[in-house]
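In what follows, a structure is listed as structure tokens, so that the remarks can point back to it.
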Number of protein chains: 2
Amino acid sequence: MRDFMEIVKAMADENRIRILYCLKDRELCVCQVIEFLGLAPSTTSKHLSILHQARLLDSQKKGRWVYYRTAGPDASPVVQQALAWVFGALEQDKQIQADRQTLEAVLRMEPEELCKIQAER
Amino acid sequence: MRDFMEIVKAMADENRIRILYCLKDRELCVCQVIEFLGLAPSTTSKHLSILHQARLLDSQKKGRWVYYRTAGPDASPVVQQALAWVFGALEQDKQIQADRQTLEAVLRMEPEELCKIQAER
DNA sequence: CCTATAATTCGCTATATGACGAAATATAAT
DNA sequence: ATTATATTTCGTCATATAGCGAATTATAGG
């Protein structure tokens with residue numbers, strides 16, 4: 001029950017659902033997710049941590065950068081079903097569609113470039 | 001997105017998950033759910049209302065009694081998948097198994113009898 | 001009509017959560 | 001070694017939520 005509740009609660013926030021979508025079949029470093037959401041680094045990092053703790057995200061550290069992506073085939077059936085449910089439910093959603101545009105813009109920039117811009121704020 | 005978030009948030013509480021389970025393939029009146037959870041009537045009613053608002057529960061009024069049950073085949077695919085996910089995930093859960101015992105005990109009493117007992121508290 | 005009662009709504013309190021900026025940590029580059 | 005920088009952790013605030021009891025609503029029965 002605890003594991004299940006951790007997953008549901010991790011999904012019970014709109015920004016975290018948007019994160020799941022932008023990390024579907026793609027890995028992004030934290031600064032890219034920060035740019036995508038438009039939230040503070042600390043807030044974004046917390047969201048990622050909650051999703052990771054619930055096993056909805058895999059993470060990989062590469063030097064100074066940390067990359068996240070949605071859980072792969074190693075994930076438990078409960079997690080797999082959760083992701084399938086979310087992705088099925090919001091395929092046509094306005095916000096998610098808009099997010100796809102935002103994400104493309106973010107992807108056009110290299111992480112290095114992005115972090116430099118964020119440092120200037 | 002709003003509908004989806006309403007569903008996820010409705011599921012993001014352990015007592016509400018327990019309610020979903022006890023109303024699976026079975027309709028119960030509010031006083032039975034009160035007894036099942038052991039929470040105050042006002043609290044229980046709020047939980048039921050949240051689940052109903054999210055379309056996870058159907059309700060039917062019969063005189064003074066209100067009966068709830070999990071959403072039937074008319075429900076949207078998103079709701080159906082949500083229920084299938086929950087029910088699949090917790091089939092073996094300790095709490096849910098214990099709840100089955102509790103529920104049997106509750107079902108042995110008639111609603112009328114039950115309400116009378118609750119009134120005395 | 002009036003009373004009893006099943007359920008809901010309201011007002012309140014305690015705790016949980018999301019947001020931020022500042023400080024800390026960890027790694028790369030000089 | 002020292003500095004720069006990507007990320008996380010910590011402290012704080014504002015808002016959201018779960019819980020209760022009291023008051024209200026709606027229906028059944030006298």
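Naming convention: chains lettered A, B, ... in sequence-line order (proteins, then strands); numbering from 1 in each chain.
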Could you run through nucleotides 20-30 of chain C and give me one letter per nucleotide, 5' to 3': B if any protein heavy atom sits under 4.0 Å from the base, S if only the sugar-phosphate is that close, - if neither? BBB---SBS--

Would you indicate, yes or no, if D:dT8 has its OP1 or OP2 atom less than 4.0 angstrom from a side-chain nitrogen or oxygen of A:Y68? yes

Rounded distance in Å - NZ (B:K46) to C1' (C:dA6): 19 Å

B:Q97, CD: over 12 other non-hydrogen atoms inside 6.0 angstrom: yes

Just the rounded figure in Å: distance from C1' of C:dA7 to CD1 of B:I50. 16 Å

How many Å lie between CD on B:Q32 and C1' on C:dT5, as a whole number? 16 Å

When you measure from every atom of DNA chain C, which of residues 5-31 of chain B have a heavy atom less than 4.0 Å away? B:C29, B:V30, B:C31

d(CD, B:E113; P, C:dT5) in whole Å: 15 Å

Roughly how far apart are B:L51 CG and B:R16 CZ, rounded to 0.5 Å? 6.0 Å

Can you confirm whether B:E27 sits close enough to B:K62 that some side-chain heavy atom of one is under 4.5 Å from a side-chain heavy atom of the other? yes

Is it true that, when you exclude B:R55 itself, more than 12 heavy atoms of the residues, nucleotides or ligands shown sit nearer than 6.0 Å to its CZ? no

How are the rings of B:H52 and B:Y68 set to each other: parallel, tilted or perpendicular (split at 30° and 60°)? perpendicular

How close or far is atom P of C:dA6 from atom CD1 of B:I117, stated in whole angstroms? 11 Å

Has B:R100 got more than 12 heavy atoms of other residues, nucleotides or ligands less than 6.0 Å from its CZ? yes

Measure from NZ on B:K116 to P on C:dA6 and round the result to the nearest Å. 8 Å

In whole angstrom, give the distance that lies between atom CD of B:Q118 and atom C1' of C:dA4. 16 Å

A:L107 backbone acceptor or donor facing A:Q32 side chain under 3.5 Å: no

Would you name the heavy atoms of B:M109 and B:L114 that are closest together and state the gap between them? CE-CD1, 3.5 Å

At what distance, to the nearest 0.5 angstrom, does CD1 of A:I34 lie from CD of A:Q118? 5.0 Å

Atom pair distance, as rounded to whole Å: CD in A:E35 and P in D:dA6: 13 Å

N or O in side chain of B:H47 less than 4.0 angstrom from D:dG19 OP1/OP2: yes

